Enquirer: 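Right, I'll just put the structure down here and ask away after.
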2 protein chains.
Amino acid sequence: MVVLELSEQDVNRLFRALADATRRDIVRRTLVTDISVSQLADSYEMSFAAVQKHIAVLEEAHLVTKAARGRERMVRGNLVRIHQAQRLLDHFEELWRSRIERLDSLLAEDAPAPPDT
Amino acid sequence: MVVLELSEQDVNRLFRALADATRRDIVRRTLVTDISVSQLADSYEMSFAAVQKHIAVLEEAHLVTKAARGRERMVRGNLVRIHQAQRLLDHFEELWRSRIERLDSLLAEDAPAPPDT
DNA sequence: GTAACATACAATCAAATGGTTGTATTAGAG
DNA sequence: CTCTAATACAACCATTTGATTGTATGTTAC
């Protein structure tokens, strides 16, 4: 099992990048098919430069990559990063389980000695 | 299967709340066991009020809840919201699958008519 | 080669964020 | 009842964010 090699900064950037509706939409669309920067820019009610900046945020979070194709830059969603985010959330669930386990052992008061101290 | 009833604003708040190391730590710890605001504040290198604000952000994102116990407010992590975040990410994965499916059907050039147009 | 297109990037600005200190309120301890 | 601990909240400030416009650069089409 590979440990997530993401720094706290990386995780910050990852979740922060996902905390914007336009950016989430860009990720969704570019996961389905590659789309150029200007094609993306056309679909939102904001300036070209604004969309460019959103894409830059996604790039820094490694949620998308850009590849030159002629004079265009094709944007492609990166599912790997989504998976990493999922695994981060999985970890929260595991912590919660530990609460349940401790509650269980409390309820089993009459039990012999606990597994280890 | 229940549809996620989260507005874009809700999703923004959810991911944004997760985009801070201190806040993630608070969620982790309060998933394991309830902790008072002042207990939490003691463990970080920032003012009491700063920690209070982080908790407020987590509350607005419904990642934690607060319950009065005497003069203390006990903070408790809310796993449900983590699960909702996970499901949001699951959706991204599904989109990506559609890319693969379309690629597959492209490769099957000699196939009869496509399923539907 | 020149015009038009696609992108990059700097400068600027308002609003939001993350932190501070200070003051007020509430509940428990003695 | 009074002191103190725990919290809430307002005011303030620096930095970051999200957007703008303007300018520069590279690429394709004609």
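The shown structure was predicted, so the numbers you read here are calculated from the model rather than taken from an experiment. Heavy-atom basis, side chains included; hydrogens, waters and symmetry copies ignored. Lettering of chains follows the sequences in order, A, B, ..., and the numbering in each one begins at 1.
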Enquirer: Check every atom of dA6(D), dG19(C), dA29(D) against the side chain of Arg71(A) and return the nucleotide holding the closest atom.
Expert: dA29(D)
Enquirer: Output the rounded distance in Å from CG (Asn12(A)) to C1' (dT16(D)).
Expert: 13 Å
Enquirer: Please check if the side chain of Gln39(A) supplies one atom and the backbone of Ser36(A) the other of a donor-acceptor pair under 3.5 Å.
Expert: yes
Enquirer: Tell me whether the OP1 or OP2 atom of dA19(D) has a side-chain N or O from His54(A) closer than 4.0 Å.
Expert: yes
Enquirer: Just checking Ala49(A): base, sugar-phosphate only, or nothing, at a heavy-atom cut-off of under 4.0 Å?
Expert: base
Enquirer: Can you find a side chain N or O atom of Gln52(B) that sits less than 4.0 Å from OP1 or OP2 on dT7(D)?
Expert: no
Enquirer: Taking OP1 and OP2 of dA19(D), is either one under 4.0 Å from a side-chain nitrogen or oxygen of Ser47(A)?
Expert: no
Enquirer: Between Arg73(A) and dA8(C), is there a side-chain N or O to OP1/OP2 distance below 4.0 Å?
Expert: yes
Enquirer: dA24(C) C1' sits how many Å from Phe48(B) CZ, rounded?
Expert: 14 Å
Enquirer: With Lys66(B) as reference, evaluate Glu59(B), Glu72(B), Arg76(B) under the side chain to side chain contact (heavy atoms under 4.5 Å, CB included) test and give the passing residue.
Expert: Glu59(B)
Enquirer: Give one of base, sugar-phosphate or nothing for Ser38(A), where a contact means two heavy atoms less than 4.0 Å apart.
Expert: sugar-phosphate
Enquirer: How many whole angstroms separate atom CD of Glu59(A) from atom P of dT7(C)?
Expert: 12 Å
Enquirer: Distance check needed: dA8(C) P versus Glu60(A) CD, whole Å only.
Expert: 13 Å
Enquirer: Could you check which of dT7(D), dT20(C), dA8(C) has an atom nearest any side-chain atom of Ser36(B)?
Expert: dT7(D)
Enquirer: How many Å lie between CG on Leu18(A) and C1' on dG18(D), as a whole number?
Expert: 17 Å
Enquirer: Report the C-alpha distance between Thr22(A) and Met46(A) in whole Å, list the side-chain angles of each, state the deciding distance to 0.1 Å, and finish with yes or no for side-chain contact (heavy atoms from CB on, under 4.5 Å).
Expert: CA-CA 10 Å; Thr22(A) 302; Met46(A) 67 185 76; 3.6 Å; yes
Enquirer: Establish, from distance only, whether the side-chain atoms of Arg81(A) and Gln84(A) form a donor-acceptor pair under 3.5 Å.
Expert: yes
Enquirer: Measure from CD on Glu45(A) to P on dG18(D) and round the result to the nearest Å.
Expert: 19 Å
Enquirer: Could you tell me how far apart Met46(B) (CE) and dC13(D) (P) are, to the nearest whole angstrom?
Expert: 22 Å
Enquirer: Below the 4.0 Å mark, does dC9(C) have OP1 or OP2 next to a side-chain nitrogen or oxygen of Lys53(A)?
Expert: no
Enquirer: Can you check whether Ala61(B)'s main-chain N or O pairs, donor with acceptor, with Arg13(B)'s side chain at less than 3.5 Å?
Expert: no
Enquirer: Round to a whole Å and report the spacing from CD of Glu72(A) to P of dT27(D).
Expert: 13 Å
Enquirer: Between Arg23(B) and dG18(C), is there a contact of a side-chain N or O with OP1 or OP2 at under 4.0 Å?
Expert: yes
Enquirer: I want to check one thing: is the phosphate of dT27(D), taken as OP1 and OP2, less than 4.0 Å away from some side-chain N or O of Arg69(A)?
Expert: no
